[in-house]
2 protein chains.
Amino acid sequence: MNSQSEEDYLKAIYHLEMDYDSISTNSVADYLNMKPSSVTDMLKKLADKKYINYQKYKGSSLTKKGKLIALSIIRKHRLWETFLVDKLGFGWDQVHLIAEQLEHIKSEELIENLDDFLGNPKYDPHGDPIPNKEGKIEKMNQKLLVELKIQQEGIITGVKKGTASLLSYLDKEKIKLGDSIKVIEVLEFDGTFIVEINNRKLTFSEKICQNLLLETYD
Amino acid sequence: MNSQSEEDYLKAIYHLEMDYDSISTNSVADYLNMKPSSVTDMLKKLADKKYINYQKYKGSSLTKKGKLIALSIIRKHRLWETFLVDKLGFGWDQVHLIAEQLEHIKSEELIENLDDFLGNPKYDPHGDPIPNKEGKIEKMNQKLLVELKIQQEGIITGVKKGTASLLSYLDKEKIKLGDSIKVIEVLEFDGTFIVEINNRKLTFSEKICQNLLLETYD
DNA sequence: ATTTATTTTTAGACAAGTCTAAAAATAATA
DNA sequence: TATTATTTTTAGACTTGTCTAAAAATAAAT
């Protein structure tokens with residue numbers, strides 16, 4: 001049985017591996033708001049358990065075993081977030097901290113029953129894919145709307161940092177994270193995008209398109 | 001913020017206070033499967049926090065503050081048990097260990113939303129009353145069926161220790177914990193009880209009545 | 001009312017997970 | 001490449017919650 005702390009580290013390394021090739025001790029420390037010396041200790045422990053490949057001064061990477069554990073925690077996190085939003089009426093921006101706690105509850109059966117209860121969702125309220133029981137997760141590509149070609153589709157997953165005002169605009173337009181978006185036309189003159197969301201045609205300025213994050217499957 | 005351990009101790013003392021007048025260090029140790037020396041340490045800590053009245057060698061009792069915390073944990077425990085049984089399809093005998101974990105999740109809003117989602121239940125799947133947000137809990141009297149008078153009612157809450165076979169009998173008769181039971185008639189000859197459960201008349205031998213636990217409101 | 005048994009507390013140790021401060025290794029720069 | 005800066009590790013300390021073993025207090029019994 002793994003401790004909550006161990007699980008947090010494995011999850012952190014998993015997320016960091018999405019964005020960077022080699023995972024430094026300091027990057028883990030930053031991610032978890034911990035001191036590098038504490039991280040070194042835990043990395044050794046995780047290496048002893050064969051959850052990571054760790055070489056002094058050289059960085060770390062998850063082993064197959066460690067990756068499976070990380071994915072099972074992410075699965076739990078995303079299923080609980082789905083529960084909190086779909087069933088308990090939380091907003092998608094309120095659920096992270098609660099799910100951080102719930103993801104550590106130990107019970108295989110609990111999470112499989114929860115999965116069924118939620119209708120075996122494929123994506124969580126933020127539009128992120130939910131790994132299956134075996135640790136399989138859909139590969140997604142993070143893109144900006146402005147990068148999409150005509151007729152291409154994606155799922156809205158967020159906005160770039162520092163553009164909270166865009167969020168409230170989307171909210172006003174009744175556009176939620178997880179909504180599907182398709183490019184219909186791009187005006188050459190000013191880069192305006194004409195897109196379709198929820199069967200509605202909408203016009204987005206180039207600036208909006210440069211700040212709207214999507215995930216695509218290609 | 002209280003630790004999981006502190007919450008476990010407070011809950012233990014609360015439960016022990018239901019059954020005994022004065023709470024000894026050893027009884028807490030037995031209840032929690034811990035060594036008395038460990039309990040002494042924690043009792044001091046809880047006393048420092050004004051959660052219990054503790055006097056060396058004299059025993060402990062919850063303060064008002066401590067009792068409120070214990071009741072809030074019990075509220076969470078029983079709401080989660082209700083969720084597990086009503087929504088996720090667990091049996092009432094499978095949920096205790098999972099609820100022991102869930103009860104420590106920290107979020108006021110979570111538990112109030114869960115309460116609403118479940119339809120503000122008054123009793124958990126074992127028939128125990130759920131304290132409200134303010135820590136009010138319905139007072140119940142634990143009785144054996146054999147102690148009830150004619151026309152008196154109660155809720156089935158369990159069986160005496162060592163009578164698991166009675167449980168399977170009840171199960172076969174489609175009688176569940178939480179079902180309401182009413183005494184219709186008692187045969188003087190052999191102490192047989194004729195009772196009504198779920199609008200069905202049933203006959204219980206005196207032995208059954210001596211082992212069936214109820215809660216009554218009188 | 002002594003002695004014996006039981007309960008409770010104290011004292012000291014240990015594991016997990018964190019920290020600070022200093023040393024060692026690696027990377028960057030002049 | 002020698003020096004400086006940065007990163008990472010080591011060493012030692014602290015906290016929480018547990019344990020064992022021994023001492024002290026209380027309760028039971030002869």
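Proteins get letters first, then strands, A, B, ... in listed order; numbering begins at 1 in each.
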Original post:
Nearest-Å distance, CG (B/Asn26) to C1' (C/dT8)?
Top reply: 7 Å
Subject >> Per-nucleotide protein contact string for nucleotides 11-18 of chain D (B base, S sugar-phosphate only, - none; heavy atom under 4.0 Å) >> reply: ------SB
**OP:** Taking all heavy atoms of A/Tyr123 and all of A/Pro129, pick out the closest pair and write down the distance.
**Re:** CD2-CA, 3.7 Å
Subject >> Spacing of B/Leu43 atom CG relative to C/dT7 atom C1', expressed in whole Å >> reply: 13 Å
Original post:
Is it the case that more than 12 heavy atoms not belonging to A/Glu134 sit under 6.0 Å from its CD atom?
Top reply: yes
Original post:
B/Lys56 side chain N/O closer than 4.0 Å to the phosphate oxygens (OP1, OP2) of D/dT26?
Top reply: no
Original post:
How long is the line joining CD of A/Gln55 and P of D/dT9, in whole Å?
Top reply: 11 Å
Subject >> C/dT9 phosphate, OP1 or OP2, under 4.0 Å from B/Tyr54 side-chain N/O >> reply: yes
Original post:
Minimum heavy-atom separation for A/Gly154 to A/Leu148, with atom names?
Top reply: N-CD1, 4.3 Å
Subject >> Approximate separation, where rounding is to 0.5 Å, of A/Asn113 CG and B/Lys87 NZ >> reply: 14.0 Å
Original post:
In whole angstrom, what separates B/Lys58's NZ from D/dA24's C1'?
Top reply: 14 Å
Original post:
Taking atom CD1 of B/Ile98 and atom NZ of A/Lys106, what is their separation to the nearest 0.5 Å?
Top reply: 13.5 Å
**OP:** Could you check whether A/Lys44 gets within reach of a base, just the sugar-phosphate, or nothing at all, counting any heavy atom under 4.0 Å?
**Re:** sugar-phosphate
Subject >> B/Ser5: partners by side-chain hydrogen bond (donor to acceptor under 3.5 Å, both in side chains), with sequence neighbours left out >> reply: none
